[in-house]
Enquirer: 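Take this structure, written in structure tokens, and hold onto it; I'll ask about it next.
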There are 2 protein chains.
Amino acid sequence: MELPMKRTAFFISDGTGITAEALGRSLLAQFEGIQFEQITQPYINTEEKAHAIVEQVNATAIKDGARPLLIDTVVNQSIRTIISKSEALNIDVFSSFLEPLEEELKTRSTYSVGQSHGISKAKEDTYKARIDSVHFALDNDDGARTHHYDKADIILIGVSRCGKTPTCIYMALQFGVRAANYPITEDDLLDSELPKALRPYRHKLFGLTIEPERLSSIRNERRANSSYASLKQCLREVEEVEALYSRHNIGFVDSTHYSIEEISTKIMAKAGIERRFSPR
Amino acid sequence: MELPMKRTAFFISDGTGITAEALGRSLLAQFEGIQFEQITQPYINTEEKAHAIVEQVNATAIKDGARPLLIDTVVNQSIRTIISKSEALNIDVFSSFLEPLEEELKTRSTYSVGQSHGISKAKEDTYKARIDSVHFALDNDDGARTHHYDKADIILIGVSRCGKTPTCIYMALQFGVRAANYPITEDDLLDSELPKALRPYRHKLFGLTIEPERLSSIRNERRANSSYASLKQCLREVEEVEALYSRHNIGFVDSTHYSIEEISTKIMAKAGIERRFSPR
């Protein structure tokens, strides 16, 4: 009998569910032929909620005619035990990995929920730095201000709508990086020098580029049928901005086929910028 | 012999490293007594880079006098094999979990790198929605515009500096949620009605609150010793905004002791907002 090619996957956590989701999606992405209905259930932190999930999973098993996948990062042992009795293939992350870690570290784990995201006194400073970085990215977005560039970890440059803003915000939120961005305009492209505001900070500059066809399609959504959005204009700007990058020896990445996560981590790897994480 | 209480942990990936990091940090957070030096190495996608990592890990083992922990989400088999020969405790996520999944799904995994973050044609629409949500959050930040509230999934309200902006941006970036935010000012608090711009959207409103002491400390960084930042003022605003929430039956969460991840996922769970993910 052929198994159905649509399966349901549950990502269950007693915290935010972000880790279970990230891991679950990475694993399922390895099975291209199968369509997965993905359901995240965060904050399953009482036995009552755990029993409700088991009922949902079991009902799904009947509906799908195939047992669901259940990837969980639940820390609490008694909740894990309840969940493990559902009609699912249970990928139990903490059971699998805490034991070898306990053995290696010669200590028992604290089994406390959501440690990695909760704010302990010791973490507060790093956390604050992350929030400050978000405000820095917003205040220094799109060339709005240039007099704080001395405090920037990186200044992202590129033509209008090539992806600078979301990339800066992601670097700030996820990694606590102070990222400013500056749009390279047509006037800037006429000049063989760098824009004045950027000259003292050449070592902090990093470029974004994008395929002209994609840029044109993005710009068309904003200003349909404008010369700003025309393929001709996009071709010219992209060609010239790439020439500018190479003239001034500025590293750059192409954003066309990558997600914000990929663009951000590629930039940080290339520019040698460290991720700022909460030390414990 | 006592093992040293400082250990080094490597998070290794042939993609962005975000999943390895999230998982690694969750696992290490369970061992409170130990100080971990955490090193992320993304894009380990060639045998040459893999050998370099092994050297780094082995050098660290000698330096620390204890073997490092190595949590990897490397998909490529030959790179995994090289890494597994380092002097580390290797937590190999894909080896551990792909096999039971392959058995359950009666198919081999594609072992392709970075699927979960790469943009396939099929994912492009969802990805675009995420970027559009970021721009929506920025355009509708801090009450800047109110005429797009019909398109919002949620409108976050609260007093100045209680955490609305980073929360909205996180919901947009991580979950593709269109989140606007509107600051509740002193004038708004004098009125027993909701601010005019919000009245048609009461069902979309969600409140943030914060402990007055913390609010005062945040505001003091912005405008030191102002009456805006005084504890007295913060006490009054917080009391009144909470009264407003309860008067209009608006759900709210306290941001004081939680990370953006926690605040965002709590709001979404309470407000019943779905996470928008790339379907495969």
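In this text the structure is predicted, and so the values were computed from the model without any measurement. Each chain gets a letter, A, B and so on, in the order its sequence line appears, and its residues count up from 1.
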Enquirer: Given a strict heavy-atom distance threshold of 4.5 Å, which part of A/Leu27 is in contact with chain B: side chain, backbone, both, or neither?
Expert: both
Enquirer: With a 4.5 angstrom heavy-atom cut-off, is it the side chain or the backbone of A/Leu138 that approaches chain B, or both, or neither?
Expert: side chain
Enquirer: Compute both the distance and the angle, then confirm whether A/Lys266 meets the cation-pi test with B/Tyr43: under 6.0 Å from the six-membered ring centre, within 45 degrees of the axis.
Expert: yes
Enquirer: Residues in side-chain hydrogen bond (donor to acceptor under 3.5 Å, both in side chains) with A/Arg222, at least two apart?
Expert: A/Tyr228
Enquirer: Does the pair A/Asp72/A/Arg80 count as a salt bridge with the N-to-O cut at 4.0 Å?
Expert: no
Enquirer: Taking the side chain as C-beta and beyond, is there a heavy-atom pair between A/Asp64 and A/Lys6 under 4.5 Å?
Expert: yes
Enquirer: Can a salt bridge be assigned to the pair A/Glu87 and A/Arg67 using a cut-off of 4.0 Å between side-chain N and carboxylate O?
Expert: no
Enquirer: Which answer fits A/Ile169, side chain, backbone, both or neither, if we ask what part of it has an atom under 4.5 Å from a heavy atom of chain B?
Expert: both
Enquirer: Would B/Arg130 and A/Glu261 pass as an ion pair if we require N to O under 4.0 Å?
Expert: yes
Enquirer: Of the listed residues (A/Leu173, A/Thr107, A/Val134, A/Asp141), which shares the most heavy-atom pairs with chain B below a 4.5 Å separation?
Expert: A/Leu173
Enquirer: Among A/Ile91, A/Val93, A/Thr73, single out the residue with the greatest number of heavy-atom pairs under 4.5 Å to chain B.
Expert: A/Ile91
Enquirer: For A/Leu89, is it the side chain, the backbone, both or neither that has a heavy atom under 4.5 Å from a heavy atom of chain B?
Expert: side chain
Enquirer: What part of A/Thr165 gets closer than 4.5 Å to chain B, counting heavy atoms only: side chain, backbone, both or neither?
Expert: side chain
Enquirer: Could you pull out all residues at least two apart from B/Glu221 that satisfy salt bridge (Lys or Arg N to Asp or Glu O under 4.0 Å)?
Expert: A/Lys128
Enquirer: Please classify the contact between A/Ile131 and chain B as side chain, backbone, both or neither, with a heavy-atom cut-off of under 4.5 Å.
Expert: side chain
Enquirer: So for B/Leu101, is it side chain, backbone, both, or neither that comes closer than 4.5 Å to the heavy atoms of chain A?
Expert: both
